[in-house]
Amino acid sequence: QMVLIRRFEEKAGEAYSLGKIGGFCHLYIGQEAVAVGSLAALRADDYITCSYREHGHALARGISARGVMAELFGKAPGCSGGKGGSMHLFDASLGFLGGHGIVGGHIPLTTGMAFAAKYRNTDQVGVCYFGEAAVNNGAFHEALNMAALWKLPAIYICENNRYGMGTALERASAIYDISERACSYDMANEVVDGQDVLVMHAAMERAVERARRDKHPTLLEVRTYRFMGHSMSDPIHGHYRTREEVEDQRKRDPIAVWSQRLIEDGLMDQAAAKALDKEVMEEVDDAYKFADEAPDPEPGELYTDVYASTRQPAAGEAGAS
Amino acid sequence: QMVLIRRFEEKAGEAYSLGKIGGFCHLYIGQEAVAVGSLAALRADDYITCSYREHGHALARGISARGVMAELFGKAPGCSGGKGGSMHLFDASLGFLGGHGIVGGHIPLTTGMAFAAKYRNTDQVGVCYFGEAAVNNGAFHEALNMAALWKLPAIYICENNRYGMGTALERASAIYDISERACSYDMANEVVDGQDVLVMHAAMERAVERARRDKHPTLLEVRTYRFMGHSMSDPIHGHYRTREEVEDQRKRDPIAVWSQRLIEDGLMDQAAAKALDKEVMEEVDDAYKFADEAPDPEPGELYTDVYASTRQPAAGEAGAS
Amino acid sequence: MAVVTYRDALNQALREEMHRDADVFLMGEEVGVYQGAYKVSRGLLDEFGPMRVVDTPITELGFAGVGVGAAMVGLRPVIEFMTWNFALLAIDQLVNSAAKMRYMSNGQVGVPAVFRGPGGAALQLGAQHSQAFESWYAHIPGLKVVMPATPADAKGLLKSAIRDDDPVVFIEGEMLYNLKGEVPDGEHVVPLGKADVKRPGRDVTIVCHSKTVSVALKAAEQLAGEEIDAEVLDLRTIRPLDDAAVLQSVSRTHRCVVAEEGWPFAGVGAQVVDTIQREAFDELDAPIIRVTGADVPMPYNKHLEKAAKVDPARVIAAVHSVLYRD
Amino acid sequence: MAVVTYRDALNQALREEMHRDADVFLMGEEVGVYQGAYKVSRGLLDEFGPMRVVDTPITELGFAGVGVGAAMVGLRPVIEFMTWNFALLAIDQLVNSAAKMRYMSNGQVGVPAVFRGPGGAALQLGAQHSQAFESWYAHIPGLKVVMPATPADAKGLLKSAIRDDDPVVFIEGEMLYNLKGEVPDGEHVVPLGKADVKRPGRDVTIVCHSKTVSVALKAAEQLAGEEIDAEVLDLRTIRPLDDAAVLQSVSRTHRCVVAEEGWPFAGVGAQVVDTIQREAFDELDAPIIRVTGADVPMPYNKHLEKAAKVDPARVIAAVHSVLYRD
Ligand SMILES: Cc1ncc(C[n+]2csc(CCOP(=O)(O)OP(=O)(O)O)c2C)c(N)n1
Ligand SMILES: Cc1ncc(C[n+]2csc(CCOP(=O)(O)OP(=O)(O)O)c2C)c(N)n1
Ligand SMILES: [Mg+2]
Ligand SMILES: [Mg+2]
């Protein structure tokens, strides 16, 4: 899966430069182990929300490469019908409830989903992925306070990749260890190495158990790194970080860490690794071809899904006039 | 001063029942020692903002009883010209920059005033008073993070009177000790007994020194209690607290605590206390009479002070049409 | 028909819908133990318990988001804002989450939530507590905006709003809570999107909503004394707006006054004017005059406040001018 | 006259005003080290240092409030919102603090702050990142709203906004940043509250602002080919609106089309229509037609997005209809 995400994102970057993908496009390269390791600990009926950097989570949760790539292309078979886009991937059948574009905005949504699980007395869990820059936002503070106060089955995963766009963590937050913010809510917390998929997975399983069984929320601070620019329009290392730093971080490439271990443990050999990579490349190429050839949404789609009833309010026609 | 505030508020309550004061009116009875003890530690050029429960702070800062009472009456000589009202007392000449009605909304304002002090390289201090219910709000979180991050000369005084309207602290906040919230910002903090004016004063002096000299902000959690209802329309003990609890708290009336000490220390005798009270009563009665007889603002005042230029935008006339 | 207050009519609607549908719950500040800042939720905590009547911290952004999130997975939250002034803190969740979720998700995820509370001015609450934002919410595709003026409409429209599958902004009037009126017994539902003629008339149409309905009715009474027969049309739903009803009335009266509590610039009335002049240009015998709140922050002084508000006298003056009677 | 981009014109205005007045500072996300999300502040950090070019955490509510607070004590903050979509989180500070402070304090405390950043849609940014809120801010007494369409106006209006003693909402266009145009050398100030005829004409008035100005000019060119002489009136300032200029133009052309990027319901155009029909009813030979963005959240797909936006074809169609040419 990590390899799939890596290759997928590389392909998406390629498609973006070819103008086949537009808008903002935030790649997940470098952080793959976080989504893969954590989502593997969830159940099919759990709820997930993400920020706009969610291609990896969508794939790891099981949305097809075709469905995600087609959405990036804005095509009708995309997982959001081509109307959502890169930042707004959805698949309700998988409990994958969006890509959201407002930093911090989806954190209270997850608190609400966890509330619903408690309300209905199911043992579902609500999981929210966001970046380290979001923890300074009021939405984070309000949402975590309620989750802890009401003992909700929620897991807040802060993917600390050191930067919010061009702003280093320490230039935006008064404290360096984000996990300590949990003390304001008397919430369970852990600092996790996000470059090691197994470590990530183990930490997530502990958090899921706390949520599912004890109805106790957790804040996970996951230390990871963004190998690419913030979005396609941002250079890999702008004014805000050095090439050396990026090179240095690349040494802990989550995929290398993982395959190395498998090889050491004799669970995989170079050949198998190659085969896997080939297989993945084929899946990604297929997704690309599918997306490229897929149809655009019907023009009429412009006016659907604004309301449950397809009917538009009167002002709508004025707008179209 | 504490006695002045007490008598003033009693009079204001009286005037409210007589219909001479309208709108929301939040009395400060029971919390007098907080404003008096803390404001005495400030300099004339420091900046102060408060919530809507600010009559006491206004008086303690030096706005005349006449000016405050006239504002509650909505009269022209009121400290906000009768246009602000009970929740919006202002006196720029004293650095008293409002009464604000949106819970938490003035906390970032104070951070901005402290920023201005640092920007201009003066050694002024910005002080913000708010209730314990405001600490769950995002504005609190965002404002304190920036103050700590930028090392601003700000002091955040949380007047913890146990309730936000009818909601007990523990039903709104995931943690009981609000001062611990400071750990999220690596900010200095202290828990202070708000019923003892001298203790309050001493704690404030420490905070002011940290701010003025070290440019380090402080969060003070001041434990106090509201003897009256949330506002005039709220009974003293509704569904949310018991008569016993209120009676019990009244035993630590800040004015009793203080006068008792003075008398024990031989600094004041019953006679002097009586004399003081009489003097204060006269000042309050004078303020009441003044406010009652004072003129309303000119009708034309409706359209002034919307913009620096008195001229109204075209839409204004439409509105007046 | 029982005579009940607007407040109790809302309370009935909440109680009935919570009995009808276990997915409906009420969340907001002071809705439970305190019985509601304006007592709209009186008795509901005792009846339905703390899981369905939820007191929140003072975190409008947060609990509005909680409501949206719960609705995204199928619950039907009724989120109470103590007043709509405070909802400014939550507006990102209404506009960027609630209003767009269905569209961004290609119809996969709806937000069947109601956001309700009192809007507009009461008495001497000052600038920050006396604001009418209906034109803001009505500007947003994806939201519906409902503003009942009578107890019967309050009950019937709130029930419809709760059953609606889209996010509904339901704006009540603090000054209306004590208003008494007849409410049909038993199941009483009023459809969204339908205006209502509160008083039929031939000479001029007074378009209004919420608090300005009673103002318009008072004005109409006095006008009747001058042989001017005014029709009072209560929009009831601001979005979707019942253009047909407005056009129908104006094409009978050929003259129109639009009254609203809010500020003039790009208010609801401006949209009504735009629609009428576009669709019924040749029917108009005079320009449409709007009567709105004064274009200033609300002053505290009671005389200034009174002067800032819409009153029958200003509506009558506007009617005179569209009838060229002045 | 030098030819510069809209982006550089804004950069010049900031630089010149920061040199002129030590109380002026720039604060926002990525304005410093990153040189601005859209590079409007390029070079300013190096030139003025971190105390006057301040990078903030992602806390719109917080740093907008910091700006208001600093302005309350006399500084002149320029607060950058990376886009106005994110300002929804800060709107309480603009409406309840900035817009009301002077009034609530009886004129004692003003808020000479500028809030600026790009508004409206760019290309395929999706529903949450493609919104135009000018009618919202213009609805609020106490705020001024400015929206330049050209590099010259961008520079001249930003300088006026910074010098203005009231809170100014300054909405730029992401799609305009690369637009080139002549900007007068030296001190160049454009007064707030004055519309500008970008193209004179006799047959019809096209009222527009910001991005729709170039759309209207393109439409006017094509219309010229059909012997239709359209006047293009750029509002430039939305609040206070230059009613006089609008009425003057319409009373010459007797026909009007109003174009804007935003949603139709209670948009800026609705207010313009209201004003014209009220003040120039007898001058109108046809109903005023508005051309607005489609009344939907912005879709991501590029064809759907294009269909949702105002374009010359739709403006031309509207002109035909007010001229009864269809
Ligand atoms: C409320 C809000 N403000 C600003 C932005 C613009 N923006 C998009 S991503 C981003 C940085 C977020 O960084 P972080 O939370 O660390 O996530 P990362 O991009 O590192 O995954 C910013 C400022 C936004 N989308 N929403
Ligand atoms: C944002 C916002 N939400 C709700 C309210 C209504 N309200 C006014 S005071 C108050 C309680 C505040 O309690 P606290 O902060 O403890 O201050 P106290 O009244 O105890 O002094 C509430 C909910 C408001 N003014 N602003
Ligand atoms: Mg980051
Ligand atoms: Mg309190």
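Model, not experiment: these values are computed from the prediction. Atoms considered below: every heavy atom in the structure, side chains included; atoms not considered: hydrogens, waters and symmetry mates. In what follows, chains carry the letters A, B, and so on, assigned in the order in which the sequence lines appear, proteins first and then strands, with residues in each chain numbered from 1.
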| query | For D/E279, is it the side chain, the backbone, both, or neither that has a heavy atom closer than 4.5 Å to a heavy atom of chain B? | reply | neither
| field | Cationic N near anionic O, under 4.0 Å, D/R236 to D/D234 | value | no
| message | Taking side chain as everything from C-beta outward and backbone as N, CA, C, O, which of these in D/A244 sits under 4.5 Å from a heavy atom of chain B? Side chain, backbone, both or neither. | response | neither
| query | Aromatic ring centroids of D/H19 and D/F48 under 6.0 Å? | reply | yes
| said: What part of B/L302 gets within 4.5 angstrom of chain D, counting heavy atoms only: side chain, backbone, both, or neither? | reply: both
| said: One pair to check against side chain to side chain contact (heavy atoms under 4.5 Å, CB included): B/F96 and B/E54. What are the steps and the verdict? | reply: CA-CA 10 Å; B/F96 193 82; B/E54 89 283 34; 4.1 Å; yes
| request: For a side-chain contact (heavy atoms from CB on, under 4.5 Å) with D/Y137, tell me which candidate from D/I238, D/V168, D/I91 qualifies. | output: D/I91
| request: State, with a plain yes or no, whether a side-chain heavy atom of B/R181 is found less than 4.5 Å away from one of B/N136. | output: yes
| field | Per-residue contact mode, B/L97 against chain D (heavy atom under 4.5 angstrom) | value | both
| request: Let me know if D/S97 has heavy atoms under 4.5 Å from chain B in its side chain, its backbone, both or neither. | output: side chain
| said: Please classify the contact of D/Q93 with chain B as side chain, backbone, both or neither, using a heavy-atom distance under 4.5 Å. | reply: side chain
| request: With a 4.5 angstrom heavy-atom cut-off, could you sort out which part of D/L192 is near chain B: side chain, backbone, both or neither? | output: neither
| request: Sort B/E301 into side chain, backbone, both or neither according to what part of it lies under 4.5 angstrom from a heavy atom of chain D. | output: both
| task | Identify which of B/L89, B/I102, B/T111 forms the greatest number of heavy-atom pairs closer than 4.5 Å to chain D. | result | B/I102
| task | Tell me, out of B/M146, B/E142, B/K118, who's got the most heavy-atom pairs with chain D below 4.5 Å. | result | B/E142
| Is it the side chain or the backbone of D/L143 that comes within 4.5 Å of chain B heavy atoms, both, or neither? | backbone
| request: Could you tell me which portion of D/V73 (side chain, backbone, both or neither) has an atom closer than 4.5 angstrom to a non-hydrogen atom of chain B? | output: both
| field | Test of ring centre spacing under 6.0 Å for B/Y52 and B/H26 | value | yes
| task | In plain terms, say whether B/D91 and B/R61 are close enough for a salt bridge, that is, a side-chain N and a carboxylate O under 4.0 Å apart. | result | no
| task | Run the salt-bridge test on D/D166 and D/K144 with the 4.0 Å N-O cut-off and return the result as yes or no. | result | yes
| request: Decide, yes or no, whether a salt bridge links B/R43 with B/D123 under the criterion of side-chain N to carboxylate O below 4.0 Å. | output: yes
| query | Given a strict heavy-atom distance threshold of 4.5 Å, which part of B/Y47 is in contact with chain D: side chain, backbone, both, or neither? | reply | side chain
| query | Highest number of heavy-atom pairs under 4.5 Å with chain B: which of D/D242, D/D92, D/T275, D/D164? | reply | D/D92
| said: So for D/V111, is it side chain, backbone, both, or neither that comes closer than 4.5 Å to the heavy atoms of chain B? | reply: neither
| request: For chain B, find which of D/A138, D/G142, D/A70, D/P77 contributes the most heavy-atom pairs closer than 4.5 angstrom. | output: D/G142
| message | Between B/H141 and B/Y185 (judged by ring centroids, cut-off 6.0 Å), do the two rings come close enough to count as a pair? | response | yes
| request: May I have the step-by-step check of salt bridge (charged side-chain N to carboxylate O under 4.0 Å, His left out) for B/D46 and B/R212, ending in yes or no? | output: CA-CA 10 Å; B/D46 292 329; B/R212 223 186 280 292; 2.7 Å; yes
| Part of B/L149 within contact of chain D (heavy atom distance under 4.5 Å) | side chain
